[in-house]
Amino acid sequence: MIRTNDEKQSDIYDDYRLLSIEVDTLATLKVSESINADSGEVTYSPYLSPAKLQSRSKKTDIIIAPDGSVVYPQSLYLVSKLRGEGAVKDTDSIAKGLLAYTRYLDSTHYPRFDDDDNEIPTEYLTYKSLTKYEEEGAPWRFAEHLLANCRAKQNSTGDEAYSLSTARSYMGAVMGFYIWMYRHGYLKNDDEHVLTHFTTVEIYEGINQHDMLVHTKSGSKRVYEMSNIMKMFPKNAKTPADKKLKPMTFEHKALFNQHIDTLPKPISLMLRLCEESGLRVEEATHFPAHDIGNKDYSELDVVPLQITHTKGSKRRIVEIPIELYEELEQYKESKQRQKNLIRRKELIDSKEKLDPTDYLFVSNKGRPYTANTVEVHFGGLRRLIQAIEPTWYYRIHDLRSTFATHWLWSESEKRHVAYDFLMDELAKLMGHASTSMTEKYIKFMNNYDDQLRVAKSKNNKISGGW
């Protein structure tokens with residue numbers, strides 16, 4: 001038995017919304033029988049018989065589509081949370097999480113545009129969009145969306161839509177929804193439909209977690225599973241910084257270079273600045289134009305340039321490979337950029353609140369590109385390369401770690417020095433306030449070399465080389 005109550009956000013009819021309903025959780029299914037007096041035909045009709053208990057009715061929200069239809073199976077899951085083993089007292093936070101997820105999925109069915117009004121291909125994600133790679137599934141993509149719009153992210157402006165607790169709560173609601181669908185057969189639970197991978201974690205409460213004999217001592221043992229998706233969200237117990245790095249391999253870097261030119265020119269140049277010079281995305285979108293083309297650097301292998309729009313607003317010198325620098329020179333004088341600068345001048349002359357800095361990359365709206373635009377295009381590049389090499393999965397910040405680790409390897413080989421010797425120099429190139437922030441790259445490369453030595457040792461042993 002279901003009775004509708006107040007509709008939430010009822011002033012918005014062109015979007016998905018929540019509708020509050022009252023559900024008789026103890027109603028039973030019965031069948032009535034009626035006999036046609038003339039023909040003698042017996043007709044059976046199912047109906048819900050209300051429970052006699054006063055506390056039978058509980059409220060929940062269900063999700064309504066713009067056309068007024070009930071969104072399934074999200075709404076069925078919300079009703080299921082009112083009774084049984086997984087019952088909760090209040091479905092409000094779960095409903096909000098699933099509403100945000102439903103709206104996100106719907107947004108991928110419509111054209112989106114970047115800062116130059118270039119159309120971004122639609123993806124048509126649904127709740128069924130799962131593959132054998134967890135990173136390609138709709139839940140993982142939603143987690144990335146939450147993190148990109150979370151106030152806990154690095155370089156947050158404070159205007160993002162979600163707090164960290166809200167983002168984690170919404171993602172937790174979606175995870176519970178998928179586990180329920182697997183359990184009840186709404187989705188196939190096999191290697192071709194992977195939600196995420198889980199790691200079993202044991203915690204012994206009330207005793208020292210770092211004691212090597214902890215498992216032999218009395219205490220409250222708690223076992224739970226941690227998913228890779230939920231690991232994406234910041235928490236107090238952090239993974240060592242060097243273990244989070246995922247720089248591109250040489251083979252994957254070659255694929256990146258091979259396909260980068262499929263993107264619009266300004267986007268490809270900004271991504272190359274991140275990968276070849278170690279810039280953060282926001283530093284690339286606000287790269288200064290005034291020093292480009294002012295001097296002849298043809299005799300140099302790398303061009304030192306000063307950037308000002310940095311983390312902490314601290315000016316620093318970055319090194320641009322000469323081939324990339326010459327492409328920046330050509331782009332600076334391109335017809336499209338000159339046209340975009342006219343629009344920028346109009347905005348400045350109109351006294352609109354605008355940073356008057358002469359940036360190299362200006363969209364046709366007369367403004368610097370947004371980091372989100374660059375990230376969306378990077379996602380398109382990732383899908384293109386994955387069609388060729390499915391294991392090519394990187395996020396945009398992996399370009400910066402690719403620069404750092406490849407720079408360390410190259411300079412160590414060239415100068416015949418240890419990675420630690422290069423720490424101060426790398427810290428300056430990366431714009432780190434202290435070398436403590438640079439240590440993760442040194443540790444990563446030292447561990448990498450250790451793994452190579454072990455692998456070579458095993459190969460020699462197998463081949464009888466020692």
Nearest heavy-atom neighbours spanning R168 and P234: NH1-O, 3.6 Å
Regarding Y124 and T122, is there a side-chain donor-to-acceptor distance under 3.5 Å anywhere? yes
Once the angle between the rings of F142 and H145 is folded into 0 to 90°, is it parallel (under 30°), tilted (30 to 60°) or perpendicular (over 60°)? parallel
Say whether E134 and N228, considering side chains only, have a donor N or O and an acceptor N or O under 3.5 Å apart. yes
Between Q336 and N340, is there a side-chain donor-acceptor contact under 3.5 Å, judged purely by atom types and distance? yes
Would you kindly say whether T438 and T435 are connected by a side-chain donor-acceptor distance under 3.5 Å? no
Classify the ring geometry of W392 against Y394: parallel below 30°, tilted from 30° to 60°, perpendicular beyond 60°. perpendicular
If you take the centroid of each ring, where Trp contributes its six-membered ring, are H193 and Y182 closer together than 6.0 Å? no
E275 to F403 - nearest heavy-atom pair and separation: O-CB, 3.2 Å
Hey, are the side chains of V79 and I62 touching, using non-hydrogen atoms and a 4.5 Å cut-off? yes
Ring pair (Phe, Tyr, Trp, His ring centres under 6.0 Å) between F361 and Y331: does it pass, once the steps are laid out? CA-CA 9 Å; F361 303 107; Y331 175 73; 5.4 Å; yes
State, without any angle test, whether S169 and T166 hold a side-chain donor-acceptor pair at a distance under 3.5 Å. no
For P288 and I307, which heavy atoms make the closest approach, and how far apart are they? CD-CG2, 3.9 Å
Do the side-chain N and O atoms of T310 and E283 include a donor-acceptor pair separated by under 3.5 angstrom? no
Looking at K265, is its backbone amide N or carbonyl O close enough to the side chain of S268 to form a donor-acceptor pair, meaning the two atoms are under 3.5 Å apart? yes
Does a donor on one side chain sit under 3.5 Å from an acceptor on the other, for T102 and Q74? yes
Indicate yes or no: does R415 engage E425 in a salt bridge with an N to O separation below 4.0 Å. yes
Can you give me the closest heavy-atom contact between V71 and I64, atom names plus distance? CG2-C, 4.1 Å
Parallel, tilted or perpendicular: which describes the rings of Y441 and H432, with under 30° parallel and over 60° perpendicular? parallel
Side chains of T60 and T91, donor plus acceptor under 3.5 Å: yes
Closer than 4.0 angstrom, basic N to acidic O: yes or no for R343 and E346? yes
Electrostatic pair R453:D450 at N-O distance under 4.0 angstrom: yes
Using the ring centroid of each side chain, check whether Y369 and Y359 are separated by less than 6.0 Å. no
For a quick test of reading the model, state the closest non-hydrogen atom pair linking I63 to S75 and the distance between them. N-OG, 2.9 Å
Quick check on the 6.0 Å ring-centre criterion: do Y101 and Y170 meet it? no
Would K332 and E329 pass as an ion pair if we require N to O under 4.0 Å? no
Any Lys/Arg nitrogen of R337 or D358 sitting under 4.0 Å from an Asp/Glu carboxylate oxygen of the other? yes
Rounded to the nearest 0.5 Å, what separation is found between the CE atom of M430 and the CE atom of M423? 13.0 Å
Would you call the rings of F378 and F256 parallel, tilted or perpendicular, where under 30° means parallel and over 60° means perpendicular? tilted
Quick check: closest heavy atoms across G278 and R316, and the distance to 0.1 Å? O-NH2, 3.8 Å
Gap between atom CG of L300 and atom NZ of K295 - 0.5 Å precision: 10.5 Å
Any donor-acceptor N/O pair, H406 side chain to M248 backbone, under 3.5 Å: yes
Would you find a donor on one side and an acceptor on the other, under 3.5 Å apart, between the side chain of K246 and the backbone of Y393? yes
Do the side chains of K428 and D424 get close enough for a salt bridge, i.e. N-O under 4.0 angstrom? no
Decide yes or no on side chain to side chain contact (heavy atoms under 4.5 Å, CB included) for L146 and M171, but give the supporting numbers first. CA-CA 8 Å; L146 290 174; M171 195 66 239; 4.0 Å; yes
Note, V194 side chain near T131 side chain (heavy atom, < 4.5 Å): no
Check this for me: K365, atom NZ, are more than 12 non-hydrogen atoms of other residues, nucleotides or ligands nearer than 6.0 Å? yes
For E282, is there an ion pair with K311 - N to carboxylate O distance below 4.0 angstrom? no
Would you say the side chains of D67 and S69 form a donor-acceptor pair under 3.5 Å? yes
Taking C-beta and beyond as the side chain, do Y104 and R141 meet within less than 4.5 Å on heavy atoms? yes
Which of parallel (below 30°), tilted (30 to 60°) and perpendicular (above 60°) describes Y77 and W180? tilted
